[in-house]
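These numbers were taken from a predicted model, which means no experiment stands behind them. One is the number of the first residue; the rest follow in order along the sequence.
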Amino acid sequence: MKIPHTFTIVFSLILLSAVATWFVPGGEFVRETVTISNADGSQSTRLVVKDNSFHYVESQPQTWQVFSSLFNGFCDKADIIIFILMVGGAFWILNNSHAIDIGVMAFLQWVQRLNKYRLIQKIGTDNIIITLVMLMFSVFGAVFGMSEETIAFSVIFVPLAVSMGYDSIVGLCMCYVAAHIGFAGAVLNPFTIGIAQGIADLPIFSGMEYRIVCWFVLTIIGIAFVLWYARRIKKDPQRSPVYKIDDYWRERVQQQDNSATQYHTPRIAYIVYALLSVVYPSTTIAIGRGSATLHIMPVLAALFVITGFIALRKSVHFFILDLLLFTIFYLVAGVLGYGWYVMEISALFLAMGLLSGIADSQKADDLAKLFLAGCKDIMSAALVVGLASGIIFILRDGKIIDTILYGLTHSLAETGTVASVGVMYVFQTLLNIVMPSGSAKAALTMPIMAQFADLINLSRQTTVLAFQFGDGFTNMLTPTSGVLIGCLGIARIPYGTWLRWAWKFILFLILIGFLLLLPTIYINLPGF
């Protein structure tokens, strides 16, 4: 059975949504602005649904709007589209230096030397690498909601996985899937837990103890599944659903002959090093309800001065790898300490790419050509993000999102406690397919869910947990997620192929999420 092109699938969903606007009656909630407390003690405003405010409105069947929705989708996701293009261009410049290829080969050679230890042989060095990388990204997803950032890391881990004898799916799992499992099992994620608890009038990040247990269970399951799949592919690479597609990555890996690489350090690299060796101010890191002023930026700058000089003494390639490593460190510090988002992260990676090219003695015109080549290579991934966003505009302009929401929540009143939690969870899961924005979904659903929880003597924390799980798992399946489509585009994995591979695993995670919800009903848990 031939799988349609990703563009074909997404446009078909736009047409299906337009057809639905002709049959589903229009409806709207009245929304009001409320003030909520943030994790750092400050206050901000949110647009939430007013209680008992649903009313039917005149239907707005969509026709030619299927085409204008594409324009609106591109405008709405412009930040993600630009982010993808800037990251693609920056990494194309970096890749031209062959630093990543040299780094990957050096890393694999170092790993092979560890095999002389019997314990490492028994565990498997590849298993250790996959486990540690996935654990790291899962922590990032659970603590500060890493999502869009995984688009940039896919460029690194997909070729790494292929060079280790696996496929691009394993590479995507190492960063994207791991981060979104952590996102679903969030402990301190301000974009889901913080907003949902604020709207539900709960202490920000309360109930953390049980959420840590949930994160641990989900992360262990995710790592175990990826290790199992990776072992199968290692034994028989042709069992991979992307075996032929990965020819692109295998050719890229094989083209690099490290023995022919001339290790050198041009004078301009020392100039770049000198410009980057500056000290930054102290940083206030906010985690949970507390915060601490730490000298992270100065420490990172000092470490870069040391490691950068050592790398330069060896080769400009290792200096560029050092620059990439500290770009990641600054990204984490910026997100936690300064609230960086896609604009700042895009600028960070762009600077990394340009400085890498300059250190490699590239001329200005060559940098421009390389950047455009990178944008061209990643253009399809950027375009499909805007295309997928058009689905939301059709449903919204057709006035049927609120009607669907009202119909599903209204049916909860006729079920028991366990069934209510299950229906609530299923509703949040299904809603995430058409509305992947966690903050928007929290503002829409939490006022209703919180009130309903009071009526059936259910903890509001349970409704937050149901929202959290429902928001997280289907992010790895829905074509309306710009991050998923962007990562698949970079990895060159067709959406249909990914859907066919991932749906059973995601369904299993959804089932585990429901089982983790049950103790919140029967057991007196801290914060619940």
Take the angle between the ring planes of [X] and [Y] and call it parallel below 30°, perpendicular above 60°, tilted in between.
X	Y	result
Tyr273	Phe319	perpendicular
Tyr176	Trp498	perpendicular
Phe505	Trp501	tilted
Phe67	Phe11	tilted

*Kindly determine whether Ile169 and Ile493 satisfy side chain to side chain contact (heavy atoms under 4.5 Å, CB included), including the steps that lead there.*
CA-CA 8 Å; Ile169 290 178; Ile493 301 173; 3.9 Å; yes
Any side-chain to backbone donor/acceptor pair from [X] onto [Y]? Under 3.5 Å, distance only.
X	Y	result
Gln468	Ala184	yes
Asp167	Val170	yes
Thr478	Asn475	no

*Quick one: which of Thr8, Leu15, Ile14 gives a side-chain contact (heavy atoms from CB on, under 4.5 Å) with Ser12?*
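The option that passes is Thr8.
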_Whether Arg250 engages the ring of Tyr243 as a cation-pi pair (distance to the six-membered ring centre under 6.0 angstrom, angle to the ring normal within 45°) should be assessed._
yes
_Against the six-membered ring of Tyr270, is Arg267 placed for a cation-pi contact (under 6.0 Å from the centre, within 45° of the normal)?_
no
Indicate whether the side chain of [X] and that of [Y] have a donor and an acceptor atom separated by less than 3.5 Å.
X	Y	value
Ser138	Trp215	yes
Ser97	His317	no
Thr474	Thr429	no

*When the aromatic ring centroids of Phe329 and Phe326 are compared, is their separation below 6.0 Å?*
yes
*Could you tell me whether Lys244 and Asp247 have a side-chain N and a carboxylate O separated by less than 4.0 Å?*
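Salt bridge absent between Lys244 and Asp247.
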*Please assess Phe137 against Phe153 for the test ring-ring contact (aromatic ring centres under 6.0 Å, His included), listing each intermediate value before the final yes or no.*
CA-CA 10 Å; Phe137 277 95; Phe153 291 107; 5.1 Å; yes
